[in-house]
Amino acid sequence: MKEILKSPAMYQLFQEAGGFFGARVNAIRDYLSLRPNMRIIDIGCGPGYILRHLPRDIDYIGFDIDQSYIEHATKTFGHQGRFYCRYFDATAAKEFAGVDLVMMNGVLHHISDDELEGTLINVRDVLNDGGILFTLDGCYKAGQSLFAKWMLDNDRGRFVRTKEGYEQVLRTAFRSVEMTIRDDYARVPYTFIIGISGK
Ligand SMILES: C[S@@+](CC[C@H](N)C(=O)[O-])C[C@H]1O[C@@H](n2cnc3c(N)ncnc32)[C@H](O)[C@@H]1O
């Protein structure tokens, strides 16, 4: 399964069939207010399908470290945004400074605490005053369904955390962190956590 998901098309099919992609769309609708001309950086943008659900009049920049996802995103959505196959490091934070929103959709659980702390400092630095970081990930929770727990145990991301775990790492770089758990976003039993963080 993990091999199959390396294909951009199969990854997207899996995300849509399980309602995992719909969860991203719902969370953006429920927790963000997008304005015309906003500059948005999407770290771990994958094959770029979220652009189908974002307004056209934004300045969108996608980063991912997977070459095949970035090639697919550029081919399919290159007319709507710019895509880079590179780490979001301190150089990128300087280069793209002045951002209103950073999205990390399904990404925190792919990155260890040590690495994530550095990335989050770069995210904080690229944001305008008043800018926010939006995150969405699978989350462990006491009493969640065994199916959800099994999915999380078998995720490609090796750093699925509890609410407290996500909150702790986000607070290393952000002063304001609000986290919300949603069990109602996927077509299958699954626990998501949405984070809205500000400087
Ligand atoms: C579960 S996918 C999410 C893709 C997309 N955001 C979505 O919502 O469908 C996680 C993505 O994060 C990317 N990724 C993992 N570690 C990363 C890192 N350190 N920097 C940037 N992207 C990373 C992976 O290559 C993968 O495309």
Side-chain angles (χ1 to χ4, degrees), residues 1-32 40-54 60-77 80-93 95-96 99 101-126 133-139 151-161 166 169-170 173 182 185-187 190-195:
M1 186 63 171
K2 291 182 184 176
E3 278 307 305
I4 292 173
L5 294 180
K6 286 184 182 165
S7 147
M10 293 309 287
Y11 169 79
Q12 189 58 24
L13 191 66
F14 173 80
Q15 291 291 326
E16 297 208 5
F20 304 107
F21 187 74
R24 287 140 166 78
V25 176
N26 291 342
I28 288 170
R29 179 200 61 210
D30 294 345
Y31 296 96
L32 290 176
I40 300 178
I41 283 189
D42 188 4
I43 300 177
C45 62
Y49 283 88
I50 201 64
L51 269 168
R52 283 199 177 145
H53 303 276
L54 298 179
Y60 174 97
I61 306 156
F63 284 79
D64 205 292
I65 51 174
D66 184 310
Q67 180 79 37
S68 65
Y69 284 167
I70 287 295
E71 279 170 12
H72 185 95
T74 305
K75 206 164 75 187
T76 317
F77 300 106
Q80 277 179 258
R82 290 172 277 160
F83 295 93
Y84 297 94
C85 186
R86 61 188 269 198
Y87 275 96
F88 189 76
D89 57 12
T91 308
E95 195 177 327
F96 294 93
V99 164
L101 169 67
V102 171
M103 297 198 299
M104 295 177 83
N105 257 323
V107 179
L108 300 190
H109 71 280
H110 285 268
I111 307 179
S112 70
D113 278 9
D114 278 353
E115 186 187 338
L116 190 53
E117 285 181 18
T119 302
L120 290 173
I121 287 170
N122 297 330
V123 170
R124 186 189 63 202
D125 289 348
V126 84
L133 166 64
F134 168 87
T135 61
L136 173 143
D137 289 275
C139 176
M151 290 286 288
L152 295 168
D153 287 344
N154 289 282
D155 197 285
R156 286 189 299 167
R158 293 183 297 114
F159 304 98
V160 177
R161 300 169 174 89
Y166 286 113
V169 71
L170 284 162
R182 298 291 300 243
Y185 269 170
R187 289 209 182 95
Y190 198 78
T191 311
F192 284 102
I193 187 158
I194 291 108

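Ligands are counted one by one from 1 in listed order, and the atoms in each one are counted from 1 as well.
Asp64 contributes no side-chain N or O that, together with a main-chain N or O of Ile70, makes up a donor-acceptor pair within less than 3.5 Å. Side chain of Arg161 to main chain of Leu108: a donor-acceptor pair is present (N/O by atom type, distance under 3.5 Å, no hydrogens or angles).
Contacts of Thr119 with ligand 1, taken as heavy-atom pairs under 4.0 Å, are absent altogether. Contacts of Cys45 with ligand 1, taken as heavy-atom pairs under 4.0 Å, involve the backbone alone. For Tyr87, every heavy-atom contact with ligand 1 shorter than 4.0 Å involves the side chain, none the backbone.
When Asp155, Leu116, Asp64 are ranked by how near their heavy atoms come to atom 24 (C) of ligand 1, first place goes to Asp64. Comparing heavy-atom distances from atom 6 (N) of ligand 1 across Gly46, Gly44, Pro8, Gly157 singles out Gly44 as nearest.
Proximity to Glu115 (heavy-atom distance under 4.0 Å) selects the following atoms of ligand 1: 19 (N). Remark: ligand 1 atoms within the under-4.0 Å shell around heavy atoms of Asp66 are 25 (O). Atoms of ligand 1 lying under 4.0 Å from any heavy atom of Asn105, numbered from 1 in the order shown and given with element: 3 (C), 5 (C), 6 (N), 7 (C), 8 (O). Set against the non-hydrogen atoms of Gly106, the atoms of ligand 1 under 4.0 Å away are 1 (C), 2 (S), 3 (C), 10 (C). In summary, the atoms of ligand 1 found under 4.0 Å from a heavy atom of His110, numbered by their order in the structure, are 1 (C), 10 (C), 15 (C).
In this structure, the ring pair (Phe, Tyr, Trp, His ring centres under 6.0 Å) partners of Phe96, at least two apart in sequence or on a different chain, are Phe63, Tyr84. His72 is linked by a side chain to side chain donor-acceptor pair (under 3.5 Å) to Tyr49, counting only residues two or more places apart in sequence or in another chain.
The CG atom of Leu51 sits 10.5 Å away from the OG1 atom of Thr76 when rounded to the nearest 0.5 Å. His109 NE2 to Cys139 SG: the interatomic distance, rounded to the nearest 0.5 Å, is 11.5 Å.
Screening Leu116, Asp137, Thr135 for a side-chain contact (heavy atoms from CB on, under 4.5 Å) with Tyr166, the sole residue that qualifies is Asp137.
Atom 8 (O) of ligand 1 has Arg24 NE, 2.4 Å as its closest protein atom, hydrogens excluded (heavy atom only). Regarding atom 14 (N) of ligand 1, its nearest protein heavy-atom neighbour is Ile65 CG1, 4.0 Å. Here the heavy atom of the protein found nearest to atom 9 (O) of ligand 1 is Tyr11 OH, 2.7 Å.
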Step-by-step side-chain contact (heavy atoms from CB on, under 4.5 Å) determination, Met104 to Thr119: CA-CA 11 Å; Met104 295 177 83; Thr119 302; 4.2 Å; yes
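Using a 4.0 Å cutoff on heavy atoms, Met103 does not count as a contact of ligand 1. Residue contact annotation: Tyr69 has a non-hydrogen atom under 4.0 Å from ligand 1.
Here the closest non-hydrogen pair linking Arg52 and Phe77 is CG-CE2, 3.7 Å.
By the 4.5 Å heavy-atom criterion applied to side chains, Asp30 and Tyr185 are counted as neighbours.
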